[in-house]
Asker: 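What follows is a single structure, and I will ask about it in a moment.
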There are 2 protein chains.
Amino acid sequence: MKRIAESTVRRLSLYLGFLEDINRRGTTTVSSEELAKLGGTTSAQVRKDLSLFGSFGKRGLGYSVTELLERLRRIMGLERRWRVCIIGAGKIGAALAQYEGFSQRGFDVVAVYDSNPARVGEALGDLHVRDVAFFERDAESEKFDIAVLAIPARGAQKMAERVARAGIAAILNFVPGQLTAPPKVAMRTVNMAMELEALSFALTNRD
Amino acid sequence: MKRIAESTVRRLSLYLGFLEDINRRGTTTVSSEELAKLGGTTSAQVRKDLSLFGSFGKRGLGYSVTELLERLRRIMGLERRWRVCIIGAGKIGAALAQYEGFSQRGFDVVAVYDSNPARVGEALGDLHVRDVAFFERDAESEKFDIAVLAIPARGAQKMAERVARAGIAAILNFVPGQLTAPPKVAMRTVNMAMELEALSFALTNRD
DNA sequence: ACATGTGAACTGCTTCACAGCG
DNA sequence: CGCTGTGAAGCAGTTCACATGT
């Protein structure tokens, strides 16, 4: 399959959200123009994005909401559920562990780890924090698909490599600081400080 | 000033982080090649990014770490500190309120709001949660620069408009769902579900 | 008539390659 | 000589515009 731009993937994810709303409202048909308006883009962009994966619409009419929903779910890999482990039970890790939004979208947080003995055993929702020493053992039996890294920068690179060695091919990275994805691992980084700095830049350099 | 691409801003923020590390180590000079390696980009890209704002380097030698640090801080608007309020004291809002990374980078969380009476008054670090009914009154006297929205999707658009009307020109948006930035407001969105979906896509469509 | 699907044109970011200067 | 700064070239993503199918 041809390479898909990251911006396209982001938009597909957006469209999927819109379609879920639209479907809940009982609307059965949607045009590229309507999706474009919701997503702040153009109808041509929507059609181009979808056309990368096939022709799902009916000329003169638009797209069937349920059909497009199903197609997009398949494209995004959301026909199945994903097993997520969180590494780091600090403020952010703990908040993520209890965030309901994940399971609603098909991601089940099935384990939380920390290296701090004071935190091990602590309850987070219906999980309890495990010692990260057991991470490799568990990864083998529990088949984690995605690891969320929510630990301090120091030691994070080592941990990322442990994750990769344990056979996990995707990392969601909340580490504040430099982290290089191990080979063959898909990584997405969320860096709060960087987002705030972008706002600082925008405020400082407006018009 | 000419328009700066979002990708460029993200990289400048990265370079800034690297320079802080490098400076802490006592190194005084850095080349575009070294910054490129740290940031996973090319030396030409680094030079191009910096050249958008001036010529800070010395040919044959590289960049003075302290000078480039100062220049970048000025460019990013980080010579001053920014006053941040958080709206929503749920899991994510509470975690953000207590996240030390913000103040380290120049962002002071000075207030947290919630609409739920059960949460109002609760202590978060050395702040206590205020009733969002007082948001407008406080915004006037406390001069918030940036609002972090960490509330459910329902009602978020209204809240964004209250933020804008209160004269705050920047929003960091953690709302899971559609949110349109009010006119003249700079907004950055962090959507965890979208990041996970991008990983799902990558895992499903690899090679 | 209407909205999709898609080559072609366009825009803008990235990479190249080298002149310029310490 | 080495590394920056930068026009020019290359490439990727977006927008245009229209032929196509219903």
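Order of the sequence lines sets the chain letters (A, B, ...), proteins ahead of strands, with each chain counted from 1. Given the structure is predicted, the values throughout are model-derived calculations rather than measurements.
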Asker: From CD of B:Glu33 over to C1' of C:dC16, roughly how many Å is that when rounded to an integer?
Answerer: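 Nearest whole value for this atom pair: 14 Å.
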Asker: Hey, does the side chain of A:Arg11 come within less than 4.0 Å of D:dT14's phosphate (OP1/OP2), counting only N and O?
Answerer: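 True: A:Arg11 side-chain N/O within range (under 4.0 Å) of D:dT14 OP1/OP2.
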Asker: Please name the residue in the list B:Arg73, B:Arg71, B:Arg74 that meets the salt bridge (Lys or Arg N to Asp or Glu O under 4.0 Å) test with B:Glu79.
Answerer: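 Answer after filtering B:Arg73, B:Arg71, B:Arg74: B:Arg74.
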Asker: Can we call the ring centroids of B:Tyr63 and B:Phe56 under 6.0 Å apart?
Answerer: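 That pair fails the under 6.0 Å test.
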Asker: Can you sort out which residues in residues 46-74 of chain B have a heavy atom within less than 4.0 Å of DNA chain C? Ascending by number, please.
Answerer: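 DNA chain C contact set from residues 46-74 of chain B: B:Arg47, B:Lys48, B:Arg59.
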Asker: Ring centroids only, cut at 6.0 angstrom: are A:Tyr15 and A:Phe18 within range, meaning strictly under it?
Answerer: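 Between A:Phe18 and A:Tyr15, which both carry aromatic rings, the centre distance is not below 6.0 Å.
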Asker: Could you state the CD-P distance from A:Glu34 to C:dC2, rounded to the nearest angstrom?
Answerer: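 Those two atoms, CD and P, are 15 Å apart.
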Asker: Rounded to whole Å, please give me the gap between CD in A:Gln45 and P in C:dG12.
Answerer: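 In whole Å, C:dG12 P and A:Gln45 CD are 14 Å from each other.
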Asker: Is B:Ser7 touching bases, backbone alone, or none of the nucleic acid, heavy atoms closer than 4.0 Å?
Answerer: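 Counting heavy atoms under 4.0 Å across all strands, the contact made by B:Ser7 is with sugar-phosphate only.
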Asker: Tell me whether A:Arg83 contacts the main-chain N or O of A:Glu142 through its side chain, where contact means a donor paired with an acceptor under 3.5 Å.
Answerer: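 It does hold such a pair.
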Asker: Measure from CG on B:Leu35 to C1' on D:dC3 and round the result to the nearest Å.
Answerer: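 Rounding to the nearest Å, CG of B:Leu35 and C1' of D:dC3 are 13 Å apart.
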Asker: Under 3.5 Å, side chain of A:Thr27 to main-chain N/O of A:Asn23, donor-acceptor pair present?
Answerer: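 No, A:Thr27 side chain to A:Asn23 backbone: no donor-acceptor pair under 3.5 Å.
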Asker: Between atom CG of A:Leu203 and atom CE of B:Met76, what is the distance when rounded to the nearest 0.5 Å?
Answerer: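 So the CG of A:Leu203 and the CE of B:Met76 are separated by 11.5 Å.
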Asker: Is any side-chain nitrogen or oxygen of A:Ser32 closer than 4.0 Å to OP1 or OP2 of C:dT4?
Answerer: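 Affirmative; the distance criterion is met.
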Asker: To the nearest Å, how far apart are B:Glu6 CD and C:dG12 P?
Answerer: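 It works out to 15 Å between those atoms.
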